[in-house]
Amino acid sequence: MPYIETKTTRKIGKTEAAALRCELGRAIELIPGKTEKWLMLSFIDGLDMSLAGVEGDAAMIEVSILGHADDDSYAMLTAKICEIVSETLSISKDRIYVKYSEFDRWGWNGINL
């Protein structure tokens, strides 16, 4: 049950959103046991952000998962997310942060898993 939230200074149009949905749907499979079938995505665009005291295009990607993953899986996913966001939104990879959160409990459909 992964969730990926993308916050960015860039405007995300329908074409970019479709590309992000497709590519992030594939990328989540770099985490063992995770698939697009359970992936929820959200996009928050047009934000005023700065990084290292400099305004400009940037993105904060937050990945939440039920359970735990190993360092190698996270490393591969970070590289892939940065590639996807950079290519789709024209944001330099050094202006993209990726944050991970792991949870032992996750609610869905009126129950906790």
Side-chain angles (χ1 to χ4, degrees):
M1 303 203 118
Y3 170 67
I4 301 176
E5 178 178 81
T6 300
K7 297 177 185 175
T8 182
T9 55
R10 303 284 298 190
K11 289 290 185 184
I12 301 174
K14 289 183 180 183
T15 302
E16 292 86 3
L20 289 169
R21 279 193 296 274
C22 179
E23 295 301 320
L24 292 172
R26 289 186 195 135
I28 198 62
E29 294 183 3
L30 292 169
I31 302 291
K34 305 302 175 193
T35 67
E36 184 179 27
K37 178 181 177 183
W38 294 101
L39 177 62
M40 181 180 283
L41 299 168
S42 66
F43 305 109
I44 304 168
D45 64 356
L47 295 173
D48 183 11
M49 301 173 81
S50 67
L51 176 60
V54 178
E55 292 182 31
D57 290 331
M60 176 68 186
I61 315 301
E62 297 187 40
V63 180
S64 300
I65 66 166
L66 173 63
H68 306 280
D70 60 67
D71 291 341
D72 290 340
S73 297
Y74 283 138
M76 289 187 296
L77 185 56
T78 296
K80 189 63 177 176
I81 286 173
C82 288
E83 176 185 310
I84 292 165
V85 172
S86 180
E87 289 179 5
T88 305
L89 300 179
S90 299
I91 298 173
S92 177
K93 290 179 186 177
D94 67 347
R95 303 273 305 163
I96 301 169
Y97 278 177
V98 181
K99 174 184 168 186
Y100 294 97
S101 299
E102 298 178 329
F103 298 92
D104 292 325
R105 290 177 194 78
W106 200 289
W108 167 77
N109 196 24
I111 61 171
N112 289 328
L113 304 172

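- Rounded to the nearest 0.5 Å, atoms CG (L51) and CG (D94) are 7.5 Å apart.
- Annotation: the span from L47 atom CG to K11 atom NZ amounts to 8.5 Å, rounded to 0.5 Å.
- In the hydrophobic cluster analysis, where Ile, Leu, Val, Met, Phe, Trp and Tyr join through side-chain heavy atoms closer than 4.5 angstrom, I61 is grouped apart from L66.
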With a cut-off of 3.5 Å and sequence neighbours excluded, list every side-chain donor-acceptor pair involving residues 82-89.
unit_1: E83; atom_1: OE2; unit_2: K80; atom_2: NZ; d: 3.1
unit_1: S86; atom_1: OG; unit_2: I91; atom_2: O; d: 2.9
unit_1: T88; atom_1: OG1; unit_2: I84; atom_2: O; d: 2.8

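- Counting only residues at least two apart or in different chains, ring pair (Phe, Tyr, Trp, His ring centres under 6.0 Å) contacts with residues 75-95 are absent.
- Sorted by first and then second residue, the pairs that involve residues 58-76 and meet salt bridge (Lys or Arg N to Asp or Glu O under 4.0 Å), not counting sequence neighbours, are K7-E62, E62-K99.
- Nearest heavy atom pair, residue P32 against residue L30, reads CD-O, 3.5 Å.
- Partners of S90 under the side-chain contact (heavy atoms from CB on, under 4.5 Å) rule, at least two apart in sequence or in another chain, are R10.
- A distance of 9.5 Å separates OG1 in T8 from CG in L20, rounded to the nearest 0.5 Å.
- Not counting sequence neighbours, Y97 has no partner by the side-chain hydrogen bond (donor to acceptor under 3.5 Å, both in side chains) test.
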Return all side-chain donor-acceptor pairs below 3.5 angstrom for residues 101-113, not counting sequence neighbours, or 'none' if the list is empty.
unit_1: E102; atom_1: OE1; unit_2: H68; atom_2: ND1; d: 2.8
unit_1: E102; atom_1: OE2; unit_2: A69; atom_2: N; d: 3.0
unit_1: E102; atom_1: OE2; unit_2: Y74; atom_2: OH; d: 2.6
unit_1: D104; atom_1: OD1; unit_2: H68; atom_2: NE2; d: 2.9

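- Hydrophobic clustering, with ILVMFWY side chains joined whenever heavy atoms are under 4.5 angstrom apart, groups I96 together with Y100.
- Evaluation of the side chain to side chain donor-acceptor pair (under 3.5 Å) test over residues 28-54, restricted to residues two or more places apart or in two chains, returns Y3-S42.
- The side-chain contact (heavy atoms from CB on, under 4.5 Å) check on R21 picks up A17, A18, L41, F43, with sequence neighbours excluded.
- For residues 14-37, there are no ring pair (Phe, Tyr, Trp, His ring centres under 6.0 Å) pairs, not counting sequence neighbours.
- Counting only heavy atoms from C-beta outward, the side chains of I28 and L77 approach each other to under 4.5 Å.
- The CG atom of L24 sits 5.0 Å away from atom CD1 of I4, with the distance rounded to the nearest 0.5 Å.
- Not a single salt bridge (Lys or Arg N to Asp or Glu O under 4.0 Å) links E16 to another residue, sequence neighbours left out.
- With a 4.5 Å cut-off on side-chain heavy atoms, V54 and R95 count as touching.
- Note that the OG1 atom of T78 and the CE atom of M76 stand 10.5 Å from one another [nearest 0.5 Å].
- In this structure, the separation between CD1 on I65 and CG on L39 is 12.0 Å, given to the nearest 0.5 Å.
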